[in-house]
Amino acid sequence: MDLTTLRAIFSGRLHTEPDTMAPFLTDWRGKWAGRAMAVAQPDSTADVSTVLQWCHDHRVPVVPQGGNTGLSGGATPDESGHALLLSLTRLNRVRGVDRMNNTIEVEAGVTLQQVQGQALEANRLFPLSLAAEGTCTIGGNLATNAGGVQVLRYGNARELCLGLEVVTAEGEVWNGLRGLRKDNTGYDLRDLFVGSEGTLGVITAAVLKLFPQPASQVAAFVAVPSPKAALELLQLAQECLAATLTAFELMSDVCIGLVEKHVPAARLPLSERSPWYVLLEVSGPEDESRSASAVEHLFEVAIERSLATDAALSTSLTRFNALWALREDISESQGAEGKTIKHDVSLPISRIADFLESTGAALAAAFPGLRLVVFGHLGDGNLHYNVSPATDRSSAEHIGAFEALEGPINRLVHDAVAAHGGSISAEHGLGVLRRDESARYKSPVEMKLMRSLKSALDPLNLMNPGKLLSEALEVSMHCSVSTDK
Ligand code: FAD
């Protein structure tokens, strides 16, 4: 492929040398790796448009990439070497904050942490928050419809986005940067691109919602006897604390044990262990002592009703951070412990206790001796339902046998999720990781509608092919589109 035209436009921002391209061609965990004909680093929407027009004219597939922190392999090209990797990190300007409208307009490559910081400077809150926030970009957050720890109160990335600027597969620029909370003028194109994982077009900028900065934040770490009690506590907390309830996270004692083992500073803040814990956060306009009193009142009622057995409240910022660290360090501790088979599932909140009981029993019967490492955003019905080998099975032979169980374990867990009316990807997207499994759980009608959208917006199947929808389906769809012409 002759890259002369692109090289002339992009000068030092088009790379073909293997060493320079290497970091873009594997995901951050090294789980997926691919090849590309070139890596382009546009620094304006016009640049993105130029690249996409060129790719369209030359029938070159495009893999958009933001911070490359995704967990489903969506930002890694395949091994053919035919695709162009489009890195958006140089589109990193904050275009403006509108304090009266409570909005911020940013380019796609601005990191989530930078957006939070800009909001804070304007005495506002941008509430999307997740552990990769220093590296992940707003474009990637929107393309994967990221969730995180405050969805219960503020919603996921989709709900925080009012408008988008997108470059289409043909290289045209759609300016949908509207800061409107109401706009009933036809199909919602913004919602099509949010969560589309780079398969419909490239997000180049967004208008995002801002909120007032809370006056206080209080966290509480609560011992609960069971997931059922945790769910009843969630209902009680919603009644007592109303909109000030910002986060409601569930974790098993196995999770906390892993954090204590792998993070030297970690301490259980309670005098006795419990099979399950909840970490809840309250934030709002009230001062800290009023918020703390409201949480203390909640505990009194919860203990009276046997929904909780003990609780520790944050009394300082250090304590607040230490309580949150117990939750946030679970993933890293699991990584340090060894191989895990992970599931990011969501369920109707009312079905979670049944799901946990029946799926735990089914796994124990089918695959004796496994450890369940279960935690998640209970307030959003989102569980990270992870499976590890037993502690005494760390030899290479045992790990090999465990890895061989990945397919059957995924099938058992995801079938159970589907039977309970849930989703097999709550917040990490499909990418290549869950692409084929997803087709199993969606109806033929849903799959047909999804393929129709893909073919309407990207008839040549150039936008991140093989992600979210399997390439075989897309190619055959493309062939039928061509024949019709
Ligand atoms: P990338 O990884 O670069 O890309 C992800 C997908 O989006 C790819 O399909 C890519 O093609 C597409 N894409 C990227 N930019 C664009 C663009 N501008 N236009 C079109 N498509 C684009 N996720 C959660 O939801 N909740 C969590 O709590 C959470 N915690 C995490 C914690 C850690 C430590 C890590 C590493 C990840 C976590 N994630 C979480 C995963 C999360 O999806 C990503 O961190 C983030 O949303 C992806 O942003 P990114 O810029 O890194 O995108």
Side-chain angles (χ1 to χ4, degrees), residues 23-29 31-32 34 42 45 48 52 61-77 83-92 106-115 128-151 155-158 160 164-169 192-206 247 249 327-332 334-335 342 344 346 375-377 380 382 384 425-435 457-458 463-469:
F24 298 92
L25 302 183
T26 179
D27 75 303
W28 67 282
R29 287 183 295 187
K31 193 170 165 141
W32 292 279
T45 302
V48 176
L52 262 63
V62 180
V63 179
Q65 186 179 92
N68 199 13
T69 68
L71 298 169
S72 304
T76 309
L84 180 135
L85 191 130
L86 188 72
S87 166
L88 280 312
T89 53
R90 291 177 70 127
L91 257 76
N92 57 9
V106 295
E107 293 183 346
V110 176
T111 66
L112 174 54
Q113 200 168 57
Q114 285 169 325
V115 179
L128 190 66
S129 174
L130 44 99
E133 61 202 22
T135 311
C136 64
T137 62
I138 283 299
N141 297 150
L142 290 167
T144 58
N145 187 22
V149 290
Q150 305 205 55
V151 173
N156 48 24
R158 182 187 301 284
L160 298 172
L164 284 183
E165 179 185 81
V166 170
V167 180
T168 68
L192 271 186
F193 290 103
V194 174
S196 64
E197 300 182 47
T199 61
L200 299 181
V202 175
I203 297 169
T204 48
E249 303 283 308
R327 162 66 183 85
E328 283 171 346
D329 288 341
I330 296 172
S331 287
E332 207 179 309
Q334 245 194 303
K342 297 189 175 188
D344 163 45
S346 77
F375 60 101
H377 316 294
D380 316 327
N382 179 188
H384 298 306
S425 180
E427 56 178 14
H428 296 163
L430 297 178
V432 286
L433 178 70
R434 298 289 179 226
R435 176 195 65 197
L457 272 74
D458 179 22
M463 295 306 311
N464 216 0
K467 312 292 169 51
L468 196 150
L469 286 168

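In each ligand, atom 1 is the first atom listed, and ligand 1 is the first ligand listed. This one's a predicted model, so the numbers in the text were calculated from it and none came from an experiment.
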Exercise for review: Return the orientation label for the F375 and H384 ring planes: parallel under 30°, perpendicular over 60°, tilted otherwise.
Suggested key: tilted
Check your understanding: Taking D27 as the fixed residue, which of T69, N68, L71 is the one that meets the side chain to side chain contact (heavy atoms under 4.5 Å, CB included) rule?
Key -> N68
Review point. When you measure from atom 11 (O) of ligand 1 to every protein heavy atom, which one gives the shortest distance, and what is it?
Key: P64 O, 2.6 Å
**Study point:** Min N/O separation I203 to ligand 1 under 3.5 Å
**Key:** yes
Practice item. Report yes if some N/O of T144 lies less than 3.5 Å from some N/O of ligand 1; otherwise report no. Key: yes
Check your understanding: Hey, is ligand 1 close enough to L71 that some N/O pair sits below 3.5 Å?
Key -> no
**Study point:** Subset of ligand 1 atoms that lie under 4.0 Å from at least one heavy atom of A131
**Key:** 32 (C), 34 (C)
Practice item. Say whether N141, considering both its backbone and side-chain N or O atoms, lies within less than 3.5 Å of an N or O atom on ligand 1. Key: yes
Review point. Any donor-acceptor pair under 3.5 Å linking the side chain of Q113 with the backbone of T135?
Key: no
Revision key, fill the gap. Atom 29 (C) of ligand 1: closest protein heavy atom, distance to 0.1 Å, is L130 CB, 3.8 Å
Review point. With no hydrogens and no angle check, do the side chains of E165 and T204 hold a donor and an acceptor under 3.5 Å apart?
Key: yes
Point to revise | Within reach of ligand 1, part of F193 (heavy-atom separation under 4.0 Å) | key: neither
Review point. Any idea which heavy atoms bring F24 and L85 closest together, and the distance?
Key: O-CD1, 3.4 Å
Point to revise | Per-atom contacts of ligand 1 with G74, taking only distances under 4.0 Å to non-hydrogen atoms | key: 8 (C), 9 (O), 11 (O)
Review point. Any side-chain heavy atom of L88 sitting closer than 4.5 Å to one from V48?
Key: yes
Exercise for review: Flag A143 as yes when one of its N or O atoms lies below 3.5 Å from any N or O atom of ligand 1, and as no otherwise.
Suggested key: no
Practice item. Give yes or no for whether the N/O distance cutoff of 3.5 Å, strictly under, is met between L88 and ligand 1. Key: no
Practice item. Give the atoms of ligand 1, by number and element, whose distance to some non-hydrogen atom of G201 is under 4.0 Å. Key: 20 (C)
Review point. Between K467 and E197, is the closest basic N to carboxylate O distance under 4.0 Å?
Key: no
Exercise for review: Would you sort out whether S331 and Q334 count as a side chain to side chain donor-acceptor pair (under 3.5 Å), showing the intermediate values?
Suggested key: CA-CA 5 Å; S331 287; Q334 245 194 303; 5.0 Å; no
Check your understanding: What atoms of ligand 1 come within less than 4.0 Å of a heavy atom belonging to G198?
Key -> 20 (C), 21 (N)
Review point. Hey, is N145 touching ligand 1 through its side chain, its backbone, both or neither, going by heavy atoms under 4.0 Å?
Key: neither
Check your understanding: For ligand 1, is there an atom lying under 4.0 Å from some heavy atom of S72?
Key -> no
Check your understanding: Hey, does H377 come in under 3.5 Å of ligand 1, counting only N/O atoms on both sides?
Key -> no
Check your understanding: Has ligand 1 got any nitrogen or oxygen that is less than 3.5 angstrom from a nitrogen or oxygen of G67?
Key -> yes
Check your understanding: Got V202 and V166 here, is their nearest side-chain heavy-atom distance under 4.5 Å?
Key -> no
Practice item. Go through V63 and T76 one step at a time and tell me if the side-chain contact (heavy atoms from CB on, under 4.5 Å) criterion holds. Key: CA-CA 7 Å; V63 179; T76 309; over 6 Å; no
Point to revise | Test item: D380 side-chain N/O and N382 main-chain N/O as donor-acceptor pair under 3.5 Å | key: no
Practice item. Indicate yes or no for a side-chain donor-acceptor contact from N156 to the backbone of V151 under 3.5 Å, with no hydrogens or angles considered. Key: no
Exercise for review: Look only at interatomic distance and state if G70 has a nitrogen or oxygen under 3.5 Å from any nitrogen or oxygen of ligand 1.
Suggested key: yes
Review point. Does the side chain of L130 reach to within under 4.5 Å of the side chain of L112, using non-hydrogen atoms?
Key: yes
Point to revise | Top protein contact for atom 36 (C) of ligand 1, by heavy-atom distance | key: W28 CZ2, 3.2 Å
Study note, to complete from the structure: Nearest heavy-atom contact between A143 and G198 is CB-N, 4.3 Å
Point to revise | Spacing of CD belonging to E107 relative to OG1 belonging to T45, to within rounding of 0.5 Å | key: 5.5 Å
Check your understanding: Any N/O of E197 closer than 3.5 Å to an N/O of ligand 1?
Key -> yes
Exercise for review: Kindly compute the distance separating CZ (R158) from CG (L160), expressed to the nearest 0.5 Å.
Suggested key: 11.5 Å
Point to revise | Where ligand 1 meets Q65 - atom numbers and elements under 4.0 angstrom, heavy-atom basis | key: 3 (O)
Review point. What protein heavy atom is closest to atom 4 (O) of ligand 1, reported as residue, atom name and distance in Å?
Key: A75 CB, 3.6 Å
Review point. So how far is it from T26 OG1 to K31 NZ, rounded to the nearest 0.5 Å?
Key: 12.0 Å
Review point. What is the closest protein heavy atom to atom 35 (C) of ligand 1, and at what distance does it sit?
Key: A132 CB, 3.5 Å
Check your understanding: Taking the non-hydrogen atoms of K467, is any one of them nearer than 4.0 angstrom to ligand 1?
Key -> no
Review point. Taking non-hydrogen atoms only, is A108 closer than 4.0 angstrom to ligand 1 via side chain, backbone, both or neither?
Key: side chain
Exercise for review: Begin with the C-alpha distance, continue with both residues' side-chain angles, and end with the deciding distance and a verdict on side-chain contact (heavy atoms from CB on, under 4.5 Å) for L142 and L164.
Suggested key: CA-CA 10 Å; L142 290 167; L164 284 183; 3.8 Å; yes
**Study point:** Close approach of G148 to ligand 1, heavy atoms, under 4.0 angstrom
**Key:** yes
Check your understanding: Can you list the atoms of ligand 1 that are under 4.0 Å from a heavy atom of A146?
Key -> 25 (O), 47 (O)
Practice item. Would you mind checking which non-hydrogen protein atom is closest to atom 23 (N) of ligand 1, with the distance to 0.1 Å? Key: H428 CD2, 3.8 Å
Check your understanding: Which protein non-hydrogen atom lies closest to atom 48 (C) of ligand 1, naming both residue and atom, and how far is it?
Key -> T69 OG1, 3.6 Å
Exercise for review: Identify, for atom 53 (O) of ligand 1, the protein heavy atom at the shortest distance, and state residue, atom and that distance.
Suggested key: G140 CA, 3.5 Å
Review point. Just going by heavy-atom distances, which of V110, V62, N68 is nearest to atom 1 (P) of ligand 1?
Key: N68
**Study point:** Interfacing atoms of ligand 1 (cut-off 4.0 Å, heavy-atom, N464)
**Key:** 9 (O), 11 (O)
